[in-house]
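Each remark here refers to the structure printed beneath this line.
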Number of protein chains: 2
Amino acid sequence: MNRNLQPTMKDVAREAGVALGTVSRVFNGYPVGEEYRERVEAAAEKLNYRINNYARGLKTNKTFCIGLLMPSLRHPFFAALIDELTAALMHRGYLTNVMITNFDPGAELKCFNLIEQNKVDGIIALTYRPDLVVESAVPVVTIDRQFHPAIPCVSSDNFRGGQMAAEKLLELGCRKLLFLRIGPEIQSEADRRGPGFEDVCRRTGTAYDSLLVNDEETEAPVYQFLSRHLQDGHLDFDGIFCNTDGLARRVMEFLERNGVRVPDEVQIIGYDGIIDFATGCYVCSTIVQPLRQMAEAAVNLLLSSETPAGEAVLRLPVTYVPGGTTRDGPAAVGDSGVYNPFHTEFR
Amino acid sequence: MNRNLQPTMKDVAREAGVALGTVSRVFNGYPVGEEYRERVEAAAEKLNYRINNYARGLKTNKTFCIGLLMPSLRHPFFAALIDELTAALMHRGYLTNVMITNFDPGAELKCFNLIEQNKVDGIIALTYRPDLVVESAVPVVTIDRQFHPAIPCVSSDNFRGGQMAAEKLLELGCRKLLFLRIGPEIQSEADRRGPGFEDVCRRTGTAYDSLLVNDEETEAPVYQFLSRHLQDGHLDFDGIFCNTDGLARRVMEFLERNGVRVPDEVQIIGYDGIIDFATGCYVCSTIVQPLRQMAEAAVNLLLSSETPAGEAVLRLPVTYVPGGTTRDGPAAVGDSGVYNPFHTEFR
DNA sequence: AGCGCTTCATGAAACGTTACATCACTGTGA
DNA sequence: TCACAGTGATGTAACGTTTCATGAAGCGCT
């Protein structure tokens, strides 16, 4: 029959002199007589047989493939998250269909369509389209956005992260705090960073202000705001919490350019835990998200498909790490602060 | 029959009152009478029918899925490459199975096995295992490594890149050049950067030196070498070409820490074209690889599966971009040098 | 020896498609 | 009027698995 193509189970069965079903059972770990098992394994080895996942998937409706919907790969936070997710999935024998949407709702629709007809066993999505998630034919776990009580969501403990940032700044001697937030206007778990921060300020009676910019296009309002509070090299705040490491870093550079020393005069804490590829150091003092645990949790929730009890959002504990924009000094990753991209311990 | 499950072609056929084959032809773009086509489309719409790629794949041996084997996602160069590749594949209607090996040969084997039994239509690989590539049952296109004359390889024009670096440094007034190379000892297209650089030095009679460190673990030899050529704040070279942006950046910081001003006293050029996520600027003056073109080419080669004429390696043109470590000034990406991660133009 | 039990190999019937050989129907030309 | 293309719908046989009903073989017991 199909010479010159890949061998099939039928070929293995003929070679081993057993029935088709027996070969199947060997490959699925069902009990098979020792002698038969050996004959089958020898034949499979000899023919270099590979099981055909498409035939199997057709029959069983399980594909061992998960769709991953992410907004970007250029941003180190998303890249690291995808890295952890693919690793966790691979570890359980799942393949990952990665789809990058570039924050484009149209692209998200296209991805969902492709994913559905490709019959993945589930989807892990960091998406901006509640409608698609809710209507999905396959199970979904979302990251950072809770769309529906029955759809599990994994995120870091953003509220606690905000609290930690405030507590840390106070502990380091700050007296007048500022919260800066920038990003697209979509309801997400990340919105709890500000409230956490303000909670501590209020409870400790600390003076604070905040600026929320719901804009995806420009950070200009932030710099205008800071300029207004700048007077001959002195800023009106001595501790700043930014909702993102990127913003923290840029605010730091803005202040330094305007003669405000960081961390001497103003201390800054960001959020995410992003590491600079060249130095291997955190780009700023930061609340780091437990990426690996989040990935593990997302995969577990998706594959066990038991709806978690109560509210369907899992908030994993964050940690604070000094990174040079606070007075508690930098914390280098790796030996000498020199990052080697081929340095696997780094993962 | 299978109520409560996804509708099948049979269901659509019954609903539309046509034969199974007719439905199939509609979905595959074969000529079908207008009236029939409409009935089928209406029925499919009504039942919310999705074609089952696993059944189709079983029958046709085409899966519209490509395996992507990459060493890392934490390094911005790989992340950007994967981004371009998934985009190019998606654009052609292909899904991408991303697998990260973390430079681990054992993991590479595991990935190849998984990929083969999952019946992808082809593989794009940046791998360290010639054996697996050569023996692969499905077509492979490699990035940066030519393993076999019949297996296409895509890379940037590394030799020309090396030449450009040297030419640029000379043009900017350098007189004593240095080439620094670090990385694992594997034969790859990147090895041509040094020879290109040296080619220009030799032809112009320029004084130059080079240091090649075949080590994946540490860059210490580089800093020892530089220390030996440092004397009270003066370095023995005034132009350095590093085989990597990361190295270039770290060398810059090392020199600055030792009182050597960059780019005033020493100018540095790196290779890759990596952009800092926080600032949106190149991390150093650099030879940038045409990632998008490389991705397009890889996908084209893989999907057209015509073996290219002659030598099977495609070397795409690089460009030089000033990035602050040379005297021709920085070139910011985007308007104000401020990078917004939600800024799609950035792609 | 014969009975019931367990264990385990067998063969065939799906799974949801595509592709191919039929066949019904229309229209044309002699 | 009839044969003959040509068009296009139909039904069926694969594709490579899993699963299930069947039945054979072995074993312990009466």
Side-chain angles (χ1 to χ4, degrees), chain A residues 1-41 43-44 47-65 116-121 137-138, chain B residues 1-41 43-44 47-65 116-121 137-138:
Chain A
M1 358 201 122
N2 61 336
R3 294 313 65 176
N4 87 346
L5 274 175
Q6 293 265 94
T8 105
M9 259 191 188
K10 215 182 284 183
D11 299 323
V12 176
R14 194 181 321 111
E15 175 74 28
V18 303
L20 189 57
T22 308
V23 181
S24 172
R25 303 181 53 149
V26 167
F27 278 95
N28 287 292
Y30 290 107
V32 169
E34 199 46 49
E35 187 204 353
Y36 284 81
R37 155 163 278 120
E38 276 166 17
R39 289 227 304 272
V40 168
E41 278 166 357
L47 298 179
N48 190 27
Y49 168 75
R50 288 279 128 85
I51 208 164
N52 182 327
N53 260 13
Y54 272 72
R56 171 183 273 185
L58 170 60
K59 189 64 185 161
T60 60
N61 258 321
K62 283 228 2 109
T63 64
F64 289 95
C65 210
E116 298 222 322
Q117 83 172 41
N118 220 65
K119 298 271 175 287
V120 296
D121 292 345
V138 292
Chain B
M1 358 200 120
N2 62 334
R3 294 312 66 173
N4 86 347
L5 273 175
Q6 293 266 95
T8 103
M9 261 191 186
K10 215 182 284 182
D11 299 323
V12 175
R14 193 182 322 111
E15 175 74 28
V18 303
L20 189 58
T22 308
V23 181
S24 172
R25 302 180 54 151
V26 167
F27 278 94
N28 288 291
Y30 290 108
V32 170
E34 200 45 50
E35 187 204 351
Y36 284 80
R37 154 161 281 120
E38 278 165 16
R39 290 228 303 274
V40 168
E41 279 166 356
L47 299 179
N48 189 28
Y49 168 74
R50 288 280 128 86
I51 206 163
N52 182 326
N53 260 13
Y54 272 73
R56 174 184 270 185
L58 171 61
K59 188 65 184 158
T60 60
N61 257 323
K62 276 216 27 93
T63 63
F64 289 95
C65 211
E116 297 222 324
Q117 85 171 39
N118 221 64
K119 298 271 173 288
V120 298
D121 292 347
V138 293

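Lettering of chains follows the sequences in order, A, B, ..., and the numbering in each one begins at 1.
In this structure, CG of A:N53 is placed 10 Å from P of D:dT17, rounded to the nearest angstrom. Atom-to-atom, CZ of A:R37 to C1' of C:dA9 comes out at 13 Å; the value is rounded to the nearest Å. One atom, CG of B:N52, and another, C1' of D:dT17, lie 14 Å apart when rounded to the nearest Å. Note: CG (B:N61) to P (D:dA14) measures 17 Å, nearest angstrom. One interatomic measurement links the two molecules: NZ of B:K10 to C1' of D:dG11, which rounds to 12 Å at whole-angstrom precision. Rounded to whole Å, the distance from CZ on B:R39 to P on D:dG8 is 15 Å. Put simply, NZ on B:K62 is 19 Å from C1' on C:dG16, counting in whole angstrom units. With rounding to whole Å, B:Y54 atom OH is found 18 Å from C:dT18 atom C1'.
Between B:F27 and B:Y49, the ring-plane angle classifies as perpendicular under the 30° and 60° cut-offs.
For C:dT7, the OP1/OP2 oxygens have no side-chain nitrogen or oxygen of A:Y36 closer than 4.0 Å. Regarding contacts with the backbone of C:dT10, a side-chain N or O of A:T22 is found under 4.0 angstrom from either OP1 or OP2.
When each of A:L20, A:T22, A:L47 is paired with A:V12, the side-chain contact (heavy atoms from CB on, under 4.5 Å) condition holds for A:L47 and for no other.
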Between the protein and nucleotides 18-20 of chain D, which nitrogen or oxygen pairs are less than 3.5 angstrom apart?
unit_1	atom_1	unit_2	atom_2	d
D:dT18	OP1	A:N28	OD1	3.3
D:dT18	OP1	A:N28	ND2	3.1
D:dT18	OP1	A:R56	NE	2.9
D:dT18	OP1	A:R56	NH2	3.2
D:dT18	OP2	A:S24	OG	2.6
D:dT18	OP2	A:N28	ND2	3.2

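Side-chain contact between A:R14 and A:D11 is present, with at least one heavy-atom pair separated by less than 4.5 Å. A:R56 is listed as a side-chain neighbour of A:N28, based on a closest heavy-atom distance under 4.5 Å. A heavy-atom distance below 4.5 Å is not found between the side chains of B:N52 and B:T8.
Judged by closest nucleotide on DNA chain D, B:V18 is the one of A:Y49 and B:V18 placed further toward the 5' end. Annotation: of the two residues near DNA chain D, B:E34 and B:L58, the 5′-most nearest-nucleotide partner is B:E34.
Between B:V40 and B:V18, the shortest heavy-atom contact is CG2-CG2, 3.8 Å.
The side chain to side chain donor-acceptor pair (under 3.5 Å) search around B:N118 returns A:N53, not counting sequence neighbours.
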